[in-house]
**Q** 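Have a look at the structure that comes next, please.
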Amino acid sequence: MSKSGKFAKLPGFRDFPPEDLALRNHVFAAWRRVSRRYGFVEYDGPPLEELDLYTAKSGDEIVDQLYQFSDKGDRRVALRPEMTPSLARILAIRSRSMPKPIRWFSIPQLFRYERQQRGRLREHFQWNVDLVGEGGVASDAEVLAVALEGLRELGLGSKDVRARVSHRALLASILQATGVSSEQMPAVFGVIDRIEREPPERIAERLRSGDEAGLDEATTKKILGLFQEPGLDSVEEAFAEHESVVTCVATMRDYLRILDELGFSPFVEFDLTIVRGLAYYTGIVFEIFDRTGEFRAICGGGRYDHLLEHVGGDPLPAVGFGMGDVVLSELLKERSLSPVYAPEVDYFIVSIGEAQEGLARRVASAQRGLGRSVIYGLGNQSVKKQFSAAAAAGAASVIVLGPDEVEQGRAVVRDMKSGEERQVALEDLLDASRVQVGAGIDRSTSERVGGV
RNA sequence: GUGGGCGUAGCUCAGUCGGUUAGAGCGCCAGGUUGUGGCCCUGGAGGUCGCCGGUUCGAUCCCGGUCGCUCACCCCA
């Protein structure tokens with residue numbers, strides 16, 4: 001839709017004018033606060049990586065949708081579609097010398113070349129939190145707790161969102177016990193992933209179909225039956241004699257208990273249909289959704305115990321998640337949880353008559369030296385015009401330099417909210433060692449949304 | 001990648017059964033005599049009616065293509 005020869009932005013990419021950047025910053029700030037509260041430290045990596053880093057590790061879907069090309073040195077490279085491989089690469093080099101567990105987080109911008117849809121663009125920011133070097137369920141629970149706390153920090157409670165958790169090894173053991181061969185396993189995982197979105201007949205058809213799972217009638221029936229009563233109790237009962245199932249169920253119970261102790265059980269539901277597409281997950285996996293079901297998954301993650309060694313590092317267990325900014329921002333906007341954007345400055349200096357303009361600049365300079373945000377009209381404008389500019393800029397106070405007061409060594413300071421005006425000595429405005437001219441100027445500008 | 005819907009001013013949208021200078025509200029700019037913002041009044045700028053081609057005496061309107069947006073599918077960071 002390029003208009004009159006101008007450039008348009010690339011499909012699937014976003015501009016962030018101040019009112020949109022305010023929301024992004026609001027989300028990032030919450031993510032960083034929560035990360036730190038849980039003892040995670042921030043890292044980053046390059047947005048461009050060697051193509052091979054992804055082709056071997058990520059699922060086929062991701063590889064098909066890479067933004068990839070050859071650079072001038074004939075290297076096959078790709079814009080990062082996810083952060084985990086970079087993390088693994090970085091840790092492969094240095095994890096040996098680091099105390100475990102490693103608690104790292106990042107907010108990378110990620111890229112995928114695919115047709116954009118609602119909640120899914122070609123570029124997004126993703127909060128990645130990973131806990132490396134500890135294989136117990138306590139770390140799985142810790143990581144999910146961080147994700148949920150991040151949402152809670154933004155105003156989304158257990159009434160708004162829920163985490164659906166499952167265990168890949170548990171599902172694999174169950175399927176194996178049911179008679180699914182290891183060759184059929186990936187296809188069956190794929191079908192199970194769709195259980196919620198398709199009618200039972202279609203699911204059965206897929207399970208039987210030779211193009212997909214290729215199961216016999218009896219096994220198909222058993223699997224379908226399994227998902228009619230998919231609770232942990234019924235699973236344990238049905239597979240009581242299968243040791244690997246029993247072990248995984250026990251792990252799952254520990255996990256749920258720890259989440260309860262951390263105060264997150266209202267958010268969490270066991271759900272065997274959560275599979276996740278990425279190839280490298282090995283244990284407990286989870287996805288977080290809004291409860292209305294109106295949006296895509298807000299967050300997904302799980303345990304990936306072999307990725308680091310695949311990338312050439314030490315074999316370290318790891319668990320982590322990614323939470324994208326796109327779906328989350330849509331949800332926040334819909335729930336009116338996004339910050340109201342309004343520019344703000346401490347002072348706008350109004351000059352009445354050109355004779356005062358030099359003084360205005362000296363006052364501005366002195367006040368800026370004190371850390372105040374100060375603007376004034378850059379052209380010769382009517383008083384009325386200057387006041388409306390002050391209002392538009394969100395000035396807390398206006399300093400009025402009129403010939404009458406200036407002659408007596410004073411200025412008028414008007415509080416724009418209350419409309420109250422008082423006289424202040426010019427020397428107080430100009431002397432950087434003095435302080436406090438108007439109301440409400442102690443707030444640090446950098447902490448405000450509009451001023452970030 | 002597949003299919004459906006849509007595409008008129010910065011934004012939200014009217015409108016033209018094909019016919020001369022395409023409209024509104026909001027926003028923006030300028031004024032309502034350079035001592036006061038939010039309200040009000042007046043005026044103005046801004047559109048090759050997404051782009052290319054076809055049909056026609058004539059297209060923003062009809063047809064085709066294309067690009068973009070959007071929904072669904074595929075799939076899922």
Side-chain angles (χ1 to χ4, degrees), chain A residues 1-13 17 19 54 57-67 78-86 106 108-128 190 193-194 197-198 274-281 287 289 295-302 320-328 348-357 377 379-406 411-421:
Chain A
M1 216 205 290
S2 67
K3 289 186 176 170
S4 57
K6 297 270 169 55
F7 294 107
K9 66 183 190 313
L10 258 19
F13 286 80
E19 58 273 23
Y54 305 110
K57 308 338 162 215
S58 307
D60 293 340
E61 317 81 39
I62 286 185
V63 173
D64 289 343
Q65 296 170 341
L66 282 172
Y67 246 111
L79 286 171
R80 59 188 176 193
E82 55 167 341
M83 197 57 176
T84 313
S86 295
S106 190
Q109 188 174 23
L110 306 177
F111 305 87
R112 298 189 89 182
Y113 194 89
E114 65 172 343
R115 190 152 171 179
Q116 67 158 320
Q117 308 163 54
R118 184 178 186 203
R120 207 145 192 239
L121 308 172
R122 287 184 171 177
E123 145 278 320
H124 71 146
F125 290 89
Q126 190 186 63
W127 184 29
N128 269 250
D193 193 29
R194 323 183 50 83
R197 285 167 288 171
E198 293 188 11
I274 296 299
V275 173
R276 311 241 348 110
L278 294 180
Y280 49 65
Y281 287 117
E287 290 184 351
F289 293 85
F295 297 89
R296 299 168 174 282
I298 299 164
C299 174
F321 70 81
M323 184 185 293
D325 71 317
V326 179
V327 172
L328 179 58
F348 188 104
I349 304 176
V350 167
S351 300
I352 302 173
E354 283 181 70
Q356 320 305 324
E357 288 180 5
N380 184 26
Q381 292 169 315
S382 70
V383 173
K384 184 189 179 87
K385 183 119 224 159
Q386 293 181 70
F387 265 90
S388 75
S397 303
V398 166
I399 296 172
V400 187
L401 302 177
D404 299 348
E405 292 85 358
V406 167
V412 169
V413 175
R414 179 185 177 88
D415 182 301
M416 290 296 273
K417 198 151 248 163
S418 67
E420 265 172 57
E421 292 189 355

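Letters A, B, ... mirror the listed sequences (proteins, then strands); counts begin at 1.
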**Q** Mind listing the closest non-hydrogen atom pair of Ala411(A) and Leu401(A) along with its distance?
**A** CB-CD2, 3.7 Å
**Q** Would you verify whether the NZ or CZ of Arg122(A) falls within 45 degrees of the ring axis of Tyr113(A) while also being under 6.0 Å from that six-membered ring's centre?
**A**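 Arg122(A) over Tyr113(A) ring: yes.
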**Q** Just N and O in the side chain of Arg122(A): are any of them under 4.0 Å from OP1 or OP2 of A77(B)?
**A** no
**Q** Take N1-N3 plus N6-O4 or O6-N4 for Watson-Crick, N1-O2 plus O6-N3 for G-U, both under 3.5 Å. Which runs of 3 or more such pairs involve RNA chain B?
**A** B:1-7 with B:67-73, B:10-13 with B:23-26, B:28-32 with B:40-44, B:50-54 with B:62-66
**Q** Between the base of C75(B) and the side chain of Arg120(A), is one N or O donor paired with an acceptor at under 3.5 angstrom?
**A**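 Looking at the base of C75(B), it does pair with a donor or acceptor on the side chain of Arg120(A) (distance under 3.5 Å).
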**Q** For Leu121(A) and Gly12(A), which heavy atoms make the closest approach, and how far apart are they?
**A**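 Closest heavy-atom pair between Leu121(A) and Gly12(A): CB-O, 3.3 Å.
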**Q** Without decimals, in angstroms, what is the distance between Leu110(A) CG and A77(B) C1'?
**A** 6 Å
**Q** Specify the residue among Gln126(A) and Gly12(A) whose closest nucleotide of RNA chain B lies further upstream toward the 5′ end.
**A** Gly12(A)
**Q** For Pro81(A) and Leu66(A), work out which heavy atoms get closest and say how close.
**A**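 Closest approach of Pro81(A) to Leu66(A), heavy atoms only: CG-CD2, 3.3 Å.
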**Q** With rounding to the closest Å, how many angstrom separate the C1' atoms on A45(B) and A30(B)?
**A** 10 Å
**Q** Taking side chain to side chain contact (heavy atoms under 4.5 Å, CB included) as the test, write out the residues that go with Val327(A), two or more places apart.
**A**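 Only Phe295(A), Arg296(A), Ile298(A) meet the side chain to side chain contact (heavy atoms under 4.5 Å, CB included) criterion with Val327(A).
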**Q** Please state the C1' separation for the pair U60(B) and U21(B) - nearest whole angstrom.
**A** 15 Å
**Q** Quantified in whole Å, what is the P atom distance between nucleotide U12(B) and nucleotide G27(B)?
**A**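 One P to the other, the span is 15 Å.
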**Q** On RNA chain B, does the nearest nucleotide to Pro11(A) precede the nearest nucleotide to Ala297(A) from the 5' side, or the other way round? Give the residue.
**A** Pro11(A)
**Q** For nucleotides 42-46 of chain B, print each protein N/O atom paired with a nucleotide N/O atom at under 3.5 Å, atom names and distance only.
**A**
none

**Q** What pair of heavy atoms forms the shortest contact from Met83(A) to Ser106(A), and how long is it?
**A** CE-OG, 3.7 Å
**Q** Could you walk me through whether Glu405(A) and Val400(A) pass the side chain to side chain contact (heavy atoms under 4.5 Å, CB included) check?
**A** CA-CA 9 Å; Glu405(A) 292 85 358; Val400(A) 187; over 6 Å; no
**Q** Round to the nearest Å and state the distance from Tyr281(A) atom OH to C76(B) atom P.
**A** 12 Å
**Q** Using a heavy-atom cut-off of under 4.0 Å over every strand shown, decide if Arg194(A) touches base, sugar-phosphate, or nothing.
**A** sugar-phosphate
**Q** Please round to the nearest 0.5 Å and tell me the distance separating atom CG of Leu110(A) and atom OH of Tyr67(A).
**A**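 Between Leu110(A) CG and Tyr67(A) OH, I get 13.5 Å after rounding to 0.5 Å.
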**Q** Provide, to the nearest angstrom, the distance between the NE2 atom belonging to His124(A) and the P atom belonging to C76(B).
**A** 15 Å
**Q** Suppose you measure atom C1' in C52(B) against the same atom in A59(B); what distance do you get, rounded to whole Å?
**A**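 It works out to 14 Å between them.
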**Q** Can you name the closest pair of heavy atoms from Gly302(A) and Tyr281(A) and give their distance?
**A** N-CE2, 3.3 Å
**Q** Can you measure Gln109(A) atom CD to A77(B) atom P for me and round it to whole angstrom units?
**A** 19 Å
**Q** Measure from CZ on Phe289(A) to P on A77(B) and round the result to the nearest Å.
**A**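 It works out to 10 Å between those atoms.
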**Q** Say you pick atom C1' in C51(B) and the same atom in G68(B); how far apart are they, in whole Å?
**A**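 Approximately 10 Å lies between the C1' atom of C51(B) and that of G68(B).
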**Q** Whole angstroms only, please: what is the CZ-C1' distance between Arg112(A) and C75(B)?
**A**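 Taking atom C1' of C75(B) as the reference, CZ of Arg112(A) is at 8 Å.
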**Q** When the distance from CG of Leu121(A) to C1' of U70(B) is rounded to whole Å, what number comes out?
**A** 13 Å
**Q** Taking the same atom, P, in C17(B) and in C62(B), what whole-Å distance lies between them?
**A**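 Here C17(B) and C62(B) have their P atoms 11 Å from each other.
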**Q** What distance, rounded to whole Å, do you find between the two C1' atoms, one in G19(B) and one in U2(B)?
**A**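 Looking at atom C1' only, G19(B) and U2(B) are 41 Å apart.
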**Q** Counting only N and O atoms by type, is there a donor-acceptor contact under 3.5 Å from the side chain of Gln386(A) to the main-chain atoms of Gln381(A)?
**A** yes
**Q** Within this structure, what is the CD1-to-P distance between Ile274(A) and C76(B), rounded to whole angstrom?
**A** 12 Å
**Q** Quantified in whole Å, what is the C1' atom distance between nucleotide G3(B) and nucleotide C74(B)?
**A**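 One C1' to the other, the span is 12 Å.
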**Q** Should Phe387(A) and Ser382(A) count as side-chain neighbours, where that means a heavy-atom distance under 4.5 Å?
**A**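 The answer is no; the side chains never approach within 4.5 Å.
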**Q** If the condition is salt bridge (Lys or Arg N to Asp or Glu O under 4.0 Å), which residues does Arg414(A) pass it with, not counting sequence neighbours?
**A**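 For Arg414(A), the residues satisfying salt bridge (Lys or Arg N to Asp or Glu O under 4.0 Å) (neighbours in sequence not counted) are Glu421(A).
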**Q** Would you mind reporting whether Met416(A) and Val398(A) have side-chain heavy atoms less than 4.5 Å apart?
**A** yes
**Q** For Phe348(A) and Gly377(A), which heavy atoms make the closest approach, and how far apart are they?
**A**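 Heavy-atom minimum between the residues: CZ-N, 3.5 Å.
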**Q** Just by protein heavy atoms under 4.0 Å, how would nucleotides 33-41 of chain B read 5' to 3' in B, S and -?
**A** -SBBBB---
**Q** Between the protein and nucleotides 1-3 of chain B, list every N/O to N/O distance that falls short of 3.5 Å.
**A**
unit_1 : atom_1 : unit_2    : atom_2 : d
U2(B)  : O4     : Arg115(A) : NH1    : 3.1
G3(B)  : O6     : Arg115(A) : NH2    : 3.4

**Q** Taking the side chain as every heavy atom from C-beta outward, state whether Ile274(A) and Phe289(A) have any atom pair closer than 4.5 Å.
**A** yes
